[in-house]
**Student:** 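Can you read through this structure? Questions will come right after.
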Amino acid sequence: MNYQDDFRNKELVQGLARQIAALAKGKGPFTFMEVCGTHTMAIYQYGLRLLMPPEVRLISGPGCPVCVTPNGYLDRAIALSRLPNVIIASFGDMLRVPGSSSSLLRERAKGSDIRVVYSPLDAVQLAVKNPDKQVVFLGVGFETTAPTIAGSIMAADKLGLRNYFVLASHKTMPQPMSILSADPELALDGYLCPAHVSAVIGADAYRPLCEKYHIPCVVTGFEPADVMQGVEMLVRQAVAGESKVEIQYSRVVSWQGNLKAQEILAEIFEPCDADWRGIGTLPGSGLKIAERYCRFDAELAIPVEVEELKEHKGCQCGEILKGKVSPFDCPLFGKACTPENPVGACMVSSEGSCAAAYKYGR
Ligand code: SF4
C-alpha cells in the first residue's frame, strides 16, 4: 500500500475488525491503551471503538503534550508574560489552556506581548529582531518536538543571542507507561505505542517496560487500518500469552529511532523528574536544559513570582489522562466545558480526549 487512501479502505478496516472479533471470541476481556493524542483523535474520528468486539476495550492515556502540562507551568508562563520586557512565543494550543486563574489568551487581550509561532526557529528570529526584549519560547512536548526546540537553542547559541530563553516542560514517554502498567485498577493488557515519539526514540525503548510488566507493545500508525492492525497484533499476543514489542508502523519507525535527533537531545537536555497533570511527579520522565546551556533556561534566567496553584473544580482531566474515566463521565462535558469555553486542558488541545470526544464522539 502506497497512499493514505489505501490505509482508509473500508473493506480492509472491516476485514481487520472481523479478524479481531474472531481472535478475541471467548477470550479476554482485553484492555488496550493508546498513549498518543493523534491515535486518540483517529480512534474517535473513524469510530474505531464501535468496531471492537465486546471482549476488546480501547482506552486513552496521557498522550497529549498540552494536556499533561500542569497548571504550575502555565502559571509561570502567565507570570512571565506580565513582565514588561518579555515576549512569549508559543504554539497556538497553549494560549487557550486555563492556568490557575487566567490563560495566555486572556493575558494577551489585556496587553501582554504573546505571539503564536509555527517553529521554535521563528522564536529565535523574534529574539534577533527584538534585541531589547527577552523572548521566551514555551517548550512543551514529548520526544517528538524536543529535538526542534533543542535545535533552536543551538541556533541561538551560534548567533550569540543573550535574549532567547526556553521555558522547558518536556516529557518522555516510556516512564508514565511503566506507572500505568503497574496499576491494578487499569489492568492493562497492551499498549498501542506512539508513532511520532517512536520515530525518534525507536521501538527498542519499550523493551524494558515490556519485559518488566509482561505487557504487549505495538508501535502503530495513525490511519484507521494502522490502528486496527495494531489492535489485531495486540489481541494476537494477548491470546497467545505473549509479551513482546512489535512494529506495525514499519514504514516510519525503526528499532533504533532517529540517531541524529537523539544526539541533539543528549547535547542540549538532561533527564529530570517531571510533573504530569493527573499522574504526579515521575522520576526521570522529563528533559531539562543541561547545565552548559543553562543561560537559555527561562526558569533560571528570569525570576518571577508565580501565583498559588489552583485546580479547576469538577474537571477530571487528571483521571482521563490516567485512563480511569472517559470524557463522557465528566459532568461538565459539553455543558460548562466546550471547545469554545474550555474548563480543562483536555478540551483545548486538538489532541485532547475531551476535544476528540466532543468533535466526533457525541
Ligand atoms: Fe476537564 Fe472539560 Fe474534560 Fe471535564 S470535559 S475533564 S472539565 S476538560
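These numbers come from a predicted model, not from an experiment. Reckoned from all heavy atoms, side chains included, excluding hydrogens, waters and symmetry mates. We count ligands from 1, going down the list as the structure has it; atoms in each ligand are counted the same way.
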**Student:** Name the closest protein heavy atom to atom 6 (S) of ligand 1, giving the residue it belongs to and the distance to 0.1 Å.
**Tutor:**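 For this ligand atom, the closest protein heavy atom is Q316 N, 3.2 Å.
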**Student:** Can you pull out the closest protein heavy atom to atom 2 (Fe) of ligand 1? Residue, atom name and distance to 0.1 Å, please.
**Tutor:**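 So the nearest neighbour among protein heavy atoms is C337 SG, 2.3 Å.
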**Student:** Report, in ascending order of atom number, the atoms of ligand 1 lying under 4.0 Å from any heavy atom of I320.
**Tutor:**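 Atoms satisfying the 4.0 Å criterion: 6 (S).
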**Student:** Less than 4.0 angstrom from a charged side-chain N to a carboxylate O is my criterion; do K324 and D183 meet it?
**Tutor:**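 Yes.
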**Student:** Exactly one of P174, S60, P62 should register a side-chain contact (heavy atoms from CB on, under 4.5 Å) with V35. Which one does?
**Tutor:**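 The single option meeting the side-chain contact (heavy atoms from CB on, under 4.5 Å) with V35 is P62.
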**Student:** Using a distance threshold of 2.8 Å, state whether an N, O or S atom of C330 lies below it from atom 4 (Fe) of ligand 1.
**Tutor:**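 Yes, C330 qualifies, because one of its backbone or side-chain N, O or S atoms lies under 2.8 Å.
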**Student:** Answer with yes or no whether P327 contacts ligand 1, where contact means a heavy atom under 4.0 Å from a ligand atom.
**Tutor:**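 No heavy atom of P327 comes that close to ligand 1.
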**Student:** Side chain, backbone, both or neither: which applies to C354 and ligand 1 if a contact is any heavy-atom pair less than 4.0 Å apart?
**Tutor:**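 Looking at C354 and ligand 1, just side chain atoms fall under 4.0 Å.
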**Student:** Tell me whether K27 is salt-bridged to E55, with the criterion being a basic N under 4.0 Å from an acidic carboxylate O.
**Tutor:**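 Salt bridge between K27 and E55, a charged N being under 4.0 Å from a carboxylate O: no.
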**Student:** Students should be able to answer this: which protein heavy-atom is nearest to atom 1 (Fe) of ligand 1, and at what distance?
**Tutor:**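 In this structure, atom 1 (Fe) of ligand 1 has C315 SG, 2.4 Å as its nearest protein heavy atom.
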**Student:** Output the list of atoms in ligand 1 that are nearer than 4.0 Å to some heavy atom of L332, sorted by atom number.
**Tutor:**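 With L332 as reference, the close atoms of ligand 1 come out as 7 (S).
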**Student:** Angle between ring planes, Y293 versus F296, binned at 30° and 60°: parallel, tilted or perpendicular?
**Tutor:**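 Tilted, since the angle between the ring planes falls between 30° and 60°.
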**Student:** Which atoms of ligand 1 have any heavy atom of C317 under 4.0 Å away?
**Tutor:**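 The atoms of ligand 1 under 4.0 Å from a heavy atom of C317 are 1 (Fe), 6 (S), 8 (S).
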**Student:** With a 6.0 Å cut-off on the ring centroids, do F222 and H39 count as close?
**Tutor:**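 That pair passes the under 6.0 Å test.
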**Student:** Between D157 and R292 (salt bridge meaning N to carboxylate O under 4.0 Å), is one present in this structure?
**Tutor:**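 Salt bridge absent between D157 and R292.
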**Student:** Which atoms of ligand 1 have any heavy atom of M347 under 4.0 Å away?
**Tutor:**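 Checking each atom against M347, I get 8 (S).
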**Student:** Do F333 and F328 make the cut of ring centroids closer than 6.0 angstrom?
**Tutor:**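 Under 6.0 Å, so yes.
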